[in-house]
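In listed order, ligands and their atoms are each counted from 1. Values below: all heavy atoms of this structure, side chains included; hydrogens, waters and symmetry mates excluded.
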Amino acid sequence: MEEVLYNKENPFPAKIVERYLLNKEGSTKKTYHVTLDLADSGMTYKAGDAIAIYPENSPEDVATLLAALGKTGVEEVIDPRSGKTLSLEHFLKTKVNLLRIDEGVSLEDLLVKYPPLLPRFYSIASSPQVSPNRVDLLVATFTYKVGDIERKGLGSHFLCDLAEVEKTPIYTYLHPTAHFTLPDDPNVPIIMVGPGTGVAPYRAFLQEREAQGATGKNWLLFGERHRAHDYYYESYLEELKEKKFLHLDLAFSRDQEEKTYVQHHLLKRGVMVWKALQEGAHFYVCGDARRMAKDVTHALQTIIETHGALSPANAKNFIKTLRKEKRFLLDVY
Ligand SMILES: Cc1cc2nc3c(=O)[nH]c(=O)nc-3n(C[C@H](O)[C@H](O)[C@H](O)COP(=O)(O)OP(=O)(O)OC[C@H]3O[C@@H](n4cnc5c(N)ncnc54)[C@H](O)[C@@H]3O)c2cc1C
Ligand SMILES: NC(=O)c1ccc[n+]([C@@H]2O[C@H](COP(=O)([O-])OP(=O)(O)OC[C@H]3O[C@@H](n4cnc5c(N)ncnc54)[C@H](OP(=O)(O)O)[C@@H]3O)[C@@H](O)[C@H]2O)c1
């Protein structure tokens, strides 16, 4: 039988086989562990890769728009982007980002040009050594306001709330990483900075390094709001710490008056960071791009200036060199 190649144009219909809330009762966040079954897809991945999923609009949003358009949904339409014929309901559910269209839009306008429903990316939180046919994901849900109306993130709401476990097809394809990978040499130390969902690829790295019997130091800096509610993969990480396989620094930002963030731990342990870099460590940053990644990079620069006794310009060059050597790696969004 000829093997089917799944990609952006021909995504694989995966099923969710497991989904549970990682936050405990009392938390102000809702972040889910979601496992997709890739068996029979022929898809293979490596630690550090992400997966893309095509989300769907909620049935309520589709129904509201159909009512506004005075249609039932069974009408056939031609998708202007693909040229394919499909039912209006299917078109609205899977092709148009309904959260991005203007009120009062006409069907004629939509059928000329519409905001497309683009794929969403999620870091894979498992290693193929442990889960060759499945991928674990860590998906944060959130709400935001448009005027007075509360809206939910489209892709995260679809994956965590709308899609039914073992039932809804989740159209997916792999989004391999070029450089956000483990060092080839398992003796090389790694420093992994990943607050929030940024911890996802590090669970894959740690599973992989355990499977490799890697001897290089593994150092994780994780943070979330509260230790009691938001410590993702607590038992796994504590177990690795107990086994002395992992050096763990935790920054629970809202457990005390003053905010504590991952970079505060980095700065406190500047000597250790500098020493690890001298030993060839790879330094990874994953998670929020808007503030966290910038602040962590800034902290790294401060550490290099202080402990490497370098001028700001030389410390910048040092980071540039780390980037060139693929030892300072970012996966931020
Ligand atoms: C390489 C990579 C890896 C990633 N890994 C992860 C991961 O491991 N876990 C994870 O949770 N996420 C991850 N992400 C982020 C993820 O891909 C999505 O961006 C995230 O889930 C939000 O998508 P959404 O569809 O839920 O939200 P969207 O519906 O796309 O909304 C996103 C934001 O857009 C704004 N917005 C949307 N519509 C409107 C509107 N009509 N008016 C005003 N503002 C609006 C809102 O501010 C909202 O906060 C990753 C991204 C990349 C690129
Ligand atoms: N639009 C939204 O409403 C929304 C909601 C959630 C996530 N997101 C986006 O989704 C991505 C990941 O979110 P996430 O749920 O994984 O977690 P996150 O929002 O990145 O938060 C994780 C932890 O990082 C802390 N943090 C905040 N600012 C920081 C900084 N400058 N440096 C270091 N740590 C910082 C947070 O503390 P505090 O929160 O206590 O400051 C929290 O303890 C981000 O891109 C984020 O912007 C958007």
Which residue and non-hydrogen atom of the protein lie closest to [atom], and at what distance in Å?
| atom | result |
| --- | --- |
| atom 3 (O) of ligand 2 | Phe142 CD1, 3.8 Å |
| atom 32 (N) of ligand 2 | Gln263 NE2, 3.0 Å |
| atom 37 (O) of ligand 2 | Ser253 OG, 3.0 Å |

For [X] and [Y], does a side-chain donor sit closer than 3.5 Å to a side-chain acceptor?
| X | Y | result |
| --- | --- | --- |
| Glu238 | Tyr231 | yes |
| Tyr232 | Thr31 | yes |
| Thr143 | Arg151 | no |
| Thr297 | Gln301 | no |
| Asp230 | His226 | no |
| His179 | Thr177 | no |
| Ser123 | Tyr333 | no |
| Ser126 | Tyr45 | yes |
| Asp79 | Ser82 | yes |
| Glu208 | Ser127 | yes |
| His33 | Tyr233 | yes |

Check ligand 2 against [X] and write out every atom of the ligand that is under 4.0 Å from a heavy-atom position of the residue.
| X | value |
| --- | --- |
| Gly196 | 16 (O), 17 (O), 22 (C) |
| Pro195 | 23 (C), 24 (O) |
| Asp295 | 30 (C), 31 (N) |
| Ala140 | 15 (O) |
| Lys259 | 38 (P), 40 (O), 41 (O) |
| Arg254 | 38 (P), 39 (O), 40 (O) |
| Arg290 | 46 (C), 47 (O) |

Taking non-hydrogen atoms only, is [X] closer than 4.0 angstrom to ligand 1 via side chain, backbone, both or neither?
| X | result |
| --- | --- |
| Phe121 | both |
| Tyr122 | both |
| Leu138 | backbone |

* Report the member of Thr197, Val296, Val199, Asp288 with the shortest heavy-atom distance to atom 16 (O) of ligand 2. =>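 Shortest heavy-atom distance from atom 16 (O) of ligand 2: Thr197.
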* Which one of Tyr261, Phe222, Tyr144, Tyr333 has a non-hydrogen atom at the shortest distance from atom 25 (C) of ligand 2? ->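 Considering heavy atoms of Tyr261, Phe222, Tyr144, Tyr333, the nearest to atom 25 (C) of ligand 2 sits in Tyr261.
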For [X] and [Y], take the angle between the two ring planes, folded into 0 to 90°, and tell me which bin it lands in: parallel under 30, tilted 30 to 60, perpendicular over 60.
| X | Y | answer |
| --- | --- | --- |
| Trp274 | Phe318 | tilted |
| Phe328 | Phe283 | tilted |
| Phe180 | Tyr284 | perpendicular |

* Asked: Hey, is Phe158 one of the residues with a heavy atom under 4.0 angstrom from ligand 1?
  ->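 Contact check Phe158 vs ligand 1: negative.
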Give yes if a backbone or side-chain nitrogen or oxygen of [X] is under 3.5 Å from a nitrogen or oxygen of ligand 1, and no if not.
| X | value |
| --- | --- |
| Phe142 | no |
| Lys152 | no |
| Leu99 | yes |
| His175 | no |

Under a 4.0 angstrom heavy-atom cut-off, which atoms of ligand 1 come close to [X]?
| X | result |
| --- | --- |
| Asp331 | 1 (C) |
| Ala140 | 11 (O) |
| Gly155 | 24 (P), 25 (O), 26 (O) |
| Gly153 | 24 (P), 26 (O), 27 (O), 29 (O) |
| Val139 | 11 (O) |

* **atom 17 (O) of ligand 1 protein-contacted (non-hydrogen atom, under 4.0 angstrom)** => yes
* Asked: Does NZ or CZ of Arg100 lie under 6.0 Å from the centre of the six-membered ring of Tyr114, at an angle within 45° of the ring axis?
  ->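 Not satisfied by the 6.0 Å and 45° rule.
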* Contact check: Thr31 vs ligand 2, nitrogen or oxygen atoms, below 3.5 angstrom -> no
* **Lys29 near ligand 2 by a heavy-atom separation under 4.0 Å** =>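 Contact present.
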